[in-house]
**Q** 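Okay, here's the structure, questions in a sec.
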Amino acid sequence: MATKDINTADSAFETRTIDQIVDVIATSAPEIRTGLPGRRVASEAENPSGETQMAADVFADELLCDRLGALDGVGEYASEERPESIDVGTGSLSVAVDPLDGSSNLKPNNTMGTIFAVYDAPLPARGHDIIAAGYVLYGPVMTMIIARGGTVDEFVIYDDASYELVREDITLPDDASVYGFGGRVPNWTEEFEAFARDIESDPSRKLRYGGSMIGDVNQILTYGGIFSYPALESAPEGKLRVQFEGYPIGYVLETAGGASSDGTKSLLDVDKPDLHARTPLHIGNASLISKLESALD
Ligand code: F6P
């Protein structure tokens with residue numbers, strides 16, 4: 001299970017580069033959001049995981065690649081939308097991005113996010129190579145969660161690309177009051193289904209599932225609880241990607257005092273050397289993640 005074993009920047013140069021990356025993510029978010037209305041249609045291509053790309057996925061990826069790639073400290077850029085990572089300079093840090101997480105929510109106009117992870121290693125990297133991670137949530141308000149330097153902060157991003165710190169040193173509430181589980185129920189393993197029934201039998205907990213990981217994860221960070229996209233009978237590796245979703249979200253949740261797991265160990269300990277590898281993903285309060293790992297054992 002997850003213990004707090006969080007790697008952070010170890011030089012002024014890394015710290016400055018992380019700040020610049022965060023600034024690019026924040027100042028690009030209003031443009032990504034403004035670019036959505038005309039891009040709620042499928043592009044002609046598929047992403048490396050075989051999923052239909054929306055025009056907005058491609059737009060956000062190109063914009064972030066250009067801007068993050070222009071930073072001196074960034075040497076490599078990879079995204080869920082590209083088969084390979086690309087060399088963008090001589091910097092020592094790598095950035096992995098999911099430009100529009102949950103883009104199937106574009107058509108019904110539900111929440112989506114942009115996720116990023118900064119690794120001080122070439123890609124594909126290990127979970128413990130992350131030195132900062134975070135996400136933008138395109139909800140009724142644009143917010144940004146950033147884990148760096150051992151703490152998690154929340155910002156509001158405005159339409160003019162300015163942003164403001166609104167919550168400092170966020171920790172997961174002890175009261176675990178919401179849960180959300182992805183995948184089709186008949187496709188869950190017997191053990192996971194039994195665990196889910198146990199979780200939902202507690203009358204103090206409410207189901208919250210929106211179909212965009214960032215929206216669902218942010219519910220947990222706000223109210224406490226558990227979110228899982230588990231291993232499925234038809235997909236034992238689950239759906240979510242290690243480099244673009246598993247490591248960054250594990251890093252954010254563990255920095256906030258919560259826990260993460262692939263079913264047996266912290267997401268940060270998952271060791272899969274493929275850039276587009278997938279993992280079952282569980283995040284939330286440590287007590288629930290521990291219960292989950294016992295249930296799946
Ligand atoms: O990245 C994939 C994603 O869109 C996640 O944001 C989300 O949690 C999941 O897929 C939703 O999958 P499903 O459509 O199977 O519920």
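Every number for a ligand or one of its atoms is a count from 1 in the order of the listing. All residue numbers refer to positions in the sequence shown, counting from 1.
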**Q** Between the side chain of Asn110 and the main-chain N/O of Gly210, is any donor-acceptor distance below 3.5 Å?
**A** no

**Q** With a 3.5 Å distance limit and no angle check, can you tell me whether Asp202 reaches the backbone of Ser204 through a side-chain donor-acceptor pair?
**A** yes

**Q** Given Tyr135, which partner from the list Asp101, Asp98, Thr114, Asn218 fulfils the side chain to side chain donor-acceptor pair (under 3.5 Å) test?
**A** Asn218

**Q** If you draw the axis of the six-membered ring of Tyr138, does the NZ or CZ of Arg33 fall within 45° of it and under 6.0 Å from the ring centre?
**A** no

**Q** Kindly say whether Pro230 contributes a backbone atom to a donor-acceptor pair with the side chain of Ser228 at under 3.5 angstrom?
**A** no

**Q** Quick one: do the Ser212 and Asn105 side chains pair a donor with an acceptor below 3.5 Å?
**A** no

**Q** Output, or 'none' if empty, a list of ligand 1-protein atom pairs in which both atoms are N or O and the distance is under 3.5 Å, rounded to 0.1 Å.
**A**
from     : atom 1 : to     : atom 2 : distance (Å)
ligand 1 : 1 (O)  : Asp101 : OD1    : 3.3
ligand 1 : 1 (O)  : Glu245 : OE2    : 2.7
ligand 1 : 6 (O)  : Asp101 : OD1    : 2.9
ligand 1 : 6 (O)  : Asp101 : OD2    : 3.2
ligand 1 : 6 (O)  : Met213 : N      : 2.8
ligand 1 : 8 (O)  : Met213 : N      : 3.3
ligand 1 : 10 (O) : Lys239 : NZ     : 3.0
ligand 1 : 12 (O) : Lys239 : NZ     : 3.0
ligand 1 : 15 (O) : Tyr229 : OH     : 2.7
ligand 1 : 16 (O) : Tyr209 : OH     : 2.7

